[in-house]
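Letters A, B, ... are given to chains in the order of the sequence lines, protein chains preceding strands, and every chain is numbered from 1.
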Number of protein chains: 2
Amino acid sequence: MDEIKNRIICPLDFAMKLIGTKWKPLVLFHLLEGPVRSGVLQKHLPDISNKMFTQTIRELEKDNLVERIVYPVVPPKVEYKLTKKGYSLENILKSLDAWGLEMMKT
Amino acid sequence: MDEIKNRIICPLDFAMKLIGTKWKPLVLFHLLEGPVRSGVLQKHLPDISNKMFTQTIRELEKDNLVERIVYPVVPPKVEYKLTKKGYSLENILKSLDAWGLEMMKT
DNA sequence: CAGTATCCGTGAAGATACTG
DNA sequence: CAGTATCTTCACGGATACTG
């Protein structure tokens, strides 16, 4: 019966599973601007380790929130961009950002 | 200089620090309905351990998102309710819930 | 430039038993 | 009924070194 119980999860819970980690919201937020090269994106997240960056972006890819574009050139060039699913978070991310700003004031 | 760097954090990051854990959004979401007794609230979160419930609610209290109301009776009666800060998350929580529902479909 | 591999510490989270 | 106290586990996340 545990299987059944595990299926009956709150949508909110499901949402947090997709974006409720340390770096995911930040990555998605920066991608709202448009496609960005891998290295540039990483520079925008000053304290992220290389490992966490790759891991985070891979999970976002797997969940179809981010798309990976590889240019067959040397040296390698890779860009990341939001998918439609990813963009559907735009308002939420901006609201959260605004809310965070309010909270920082008080 | 690390001190300075640590102060320059993204508001979104700050927001996730406040509510970006496994149970916090869920607890806040259930409290949108109004004040709830401790035991009842916990029942709404089927798979939460006693420890995590207390820990989660304590942190929300500390951050002034949730208020604790103790009735001096025997046996003990405790209620939790959202503060104004807590309620300011209403739209975001509902949006996230709706978004999660969409994601579950596809 | 972009990504992988490995090692390792810390803390999140669970299980259990207990108190006022 | 509400909450505390331990003990334990394990995955998150960081540092470093390496490949195509």
Listed nucleotide nearest any side-chain atom of [X], set [options]:
{"X": "A/Pro76", "options": "C/dT4, C/dC1, D/dT4", "result": "C/dC1"}
{"X": "A/Lys51", "options": "C/dG3, D/dA15, D/dT6", "result": "D/dA15"}
{"X": "A/Trp23", "options": "D/dC1, D/dG14, C/dA2", "result": "D/dG14"}

Length of the [atom1]-[atom2] vector between [X] and [N], whole Å:
{"X": "A/Glu79", "N": "C/dG3", "atom1": "CD", "atom2": "P", "result": "12 Å"}
{"X": "A/Ile69", "N": "C/dC1", "atom1": "CD1", "atom2": "C1'", "result": "17 Å"}
{"X": "A/Glu59", "N": "D/dA11", "atom1": "CD", "atom2": "P", "result": "13 Å"}
{"X": "A/Met52", "N": "D/dG14", "atom1": "CE", "atom2": "P", "result": "6 Å"}
{"X": "B/Asn50", "N": "C/dA13", "atom1": "CG", "atom2": "C1'", "result": "13 Å"}
{"X": "A/Glu61", "N": "C/dA2", "atom1": "CD", "atom2": "C1'", "result": "13 Å"}
{"X": "A/Lys22", "N": "D/dA11", "atom1": "NZ", "atom2": "P", "result": "19 Å"}
{"X": "A/Ile57", "N": "D/dG13", "atom1": "CD1", "atom2": "C1'", "result": "17 Å"}

Counting any heavy atom closer than 4.0 Å, what does [X] reach on the DNA or RNA strands: base, sugar-phosphate only, or nothing?
{"X": "B/Ser38", "value": "sugar-phosphate"}
{"X": "A/Tyr71", "value": "nothing"}
{"X": "B/Tyr80", "value": "sugar-phosphate"}

Can you tell me if A/Arg58 touches the phosphate of C/dA2, counting only side-chain N or O atoms and a distance under 4.0 Å to OP1 or OP2?
no
A/Arg68 vs C/dA2: side-chain N/O to OP1/OP2 distance below 4.0 Å:
no
Nucleotide paired to C/dG20 in any strand shown, Watson-Crick or G-U, under 3.5 Å
D/dC1
May I ask which nucleotide in the shown strands pairs with D/dC7, Watson-Crick or G-U wobble, both distances under 3.5 Å?
C/dG14
Check: A/Tyr80/A/Glu67 side-chain N/O donor and acceptor closer than 3.5 Å
no
Would you say B/Arg68 and B/Ile57 make side-chain contact, with heavy atoms under 4.5 Å?
no
Taking the side chain as every heavy atom from C-beta outward, state whether A/Leu65 and A/Ile19 have any atom pair closer than 4.5 Å.
yes
Take atom NZ of B/Lys81 as the centre, draw a 6.0 Å sphere, and report whether it contains more than 12 heavy atoms from other residues, nucleotides or ligands.
no
Can you say whether the rings of B/His30 and B/His44 are parallel (under 30°), tilted (30 to 60°) or perpendicular (over 60°)?
parallel
